[in-house]
Amino acid sequence: MPESERAVSERKRPARPKRESATDASASESGSHDGTRRKTTKSSSSHRLSGRRAAARAAHHVSDLAGKDLEAVTSLEETEQGWMVGIEVVETHRIPDSTDILAVYLVEVDDAGELISFRRAKRHYRGRAEKSDA
């Protein structure tokens, strides 16, 4: 076949997708070249939500669910499933402000920031000091 005819016939052929061998496919899926397929798991530290981001997500959930004014993050604790965050909110505005009723909500979020649990732990007046357990 002359050179110009070969170029035309090659342009008319549809391009074939490159096929992976079974070994290549399993290696890309599992990270090994032994032909076995293994489910790869995420490293818990590489995709884990930071404490700061977990607190922000928990505050967002409290705002959506309780519809109250957020006051402060009062606690942050890492759990097996994610984070337990204490969020203080203004339950009732009063005059003077020192008599506002505040509440602490405990919110648990998973590693992606999704809500696991939500509950009000306690209520108190703004102007009153907390009693220590000691």
Side-chain angles (χ1 to χ4, degrees):
M1 183 183 293
E3 192 78 32
S4 61
E5 287 179 22
R6 189 176 328 146
V8 169
S9 68
E10 285 178 0
R11 276 187 268 152
K12 290 182 182 178
R13 285 188 213 156
R16 289 187 203 168
K18 183 182 173 190
R19 293 185 59 196
E20 284 187 64
S21 70
T23 305
D24 290 343
S26 66
S28 65
E29 184 175 317
S30 67
S32 77
H33 290 283
D34 62 3
T36 60
R37 291 180 182 226
R38 287 177 282 182
K39 184 178 178 182
T40 56
T41 58
K42 294 189 280 184
S43 168
S44 61
S45 63
S46 66
H47 290 87
R48 189 156 179 88
L49 199 63
S50 70
R52 180 181 298 257
R53 185 77 178 125
R57 294 291 298 152
H60 174 77
H61 290 305
V62 169
S63 178
D64 282 354
L65 293 171
K68 306 289 184 186
D69 293 335
L70 302 177
E71 193 71 15
V73 172
T74 60
S75 64
L76 179 65
E77 177 183 344
E78 193 171 14
T79 66
E80 285 185 20
Q81 295 179 337
W83 296 90
M84 180 66 73
V85 185
I87 305 286
E88 190 171 54
V89 302
V90 179
E91 288 268 307
T92 306
H93 286 284
R94 292 185 162 175
I95 298 174
D97 290 350
S98 60
T99 60
D100 285 350
I101 298 175
L102 305 178
V104 175
Y105 286 86
L106 293 178
V107 183
E108 188 171 9
V109 295
D110 65 14
D111 286 335
E114 296 301 315
L115 183 66
I116 295 174
S117 68
F118 168 84
R119 68 184 165 93
R120 184 173 63 198
K122 64 181 177 177
R123 290 173 57 154
H124 60 276
Y125 290 103
R126 184 187 300 270
R128 296 205 180 143
E130 295 181 31
K131 295 180 183 178
S132 67
D133 294 334

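Just so it is clear, the model here is predicted, and its values are computed rather than measured.
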How many angstroms lie between [atom1] in [X] and [atom2] in [Y], if you round to the nearest 0.5 Å?
X	Y	atom1	atom2	answer
Asp110	Arg48	CG	CZ	9.5 Å
Glu108	Thr79	CD	OG1	4.5 Å
Glu71	Ile87	CD	CD1	11.5 Å
Trp83	Arg52	CH2	CZ	11.5 Å

I'd like to know if [Y] and [X] are part of one continuous hydrophobic network [Ile/Leu/Val/Met/Phe/Trp/Tyr, side-chain heavy atoms within less than 4.5 Å].
X	Y	answer
Leu65	Val62	yes
Leu102	Leu106	no
Val90	Tyr105	no
Leu115	Val89	yes
Val73	Met84	no

Asp100 versus Arg94: any side-chain heavy-atom pair under 4.5 Å? yes
Search all heavy atoms of [X] against all heavy atoms of [Y] and return the closest pair with its distance.
X	Y	result
Ala55	Val85	CA-CG1, 4.0 Å
Ala103	Arg123	CB-CG, 3.9 Å
Ala59	Leu70	O-CD1, 3.6 Å

Determine whether a donor-acceptor pair (N or O, by modelled atom type, separation under 3.5 Å) exists between the side chain of Thr92 and the backbone of Ile101. no
Can you spot which of His124, Lys68, Arg120 makes a side chain to side chain donor-acceptor pair (under 3.5 Å) with Glu91? Arg120
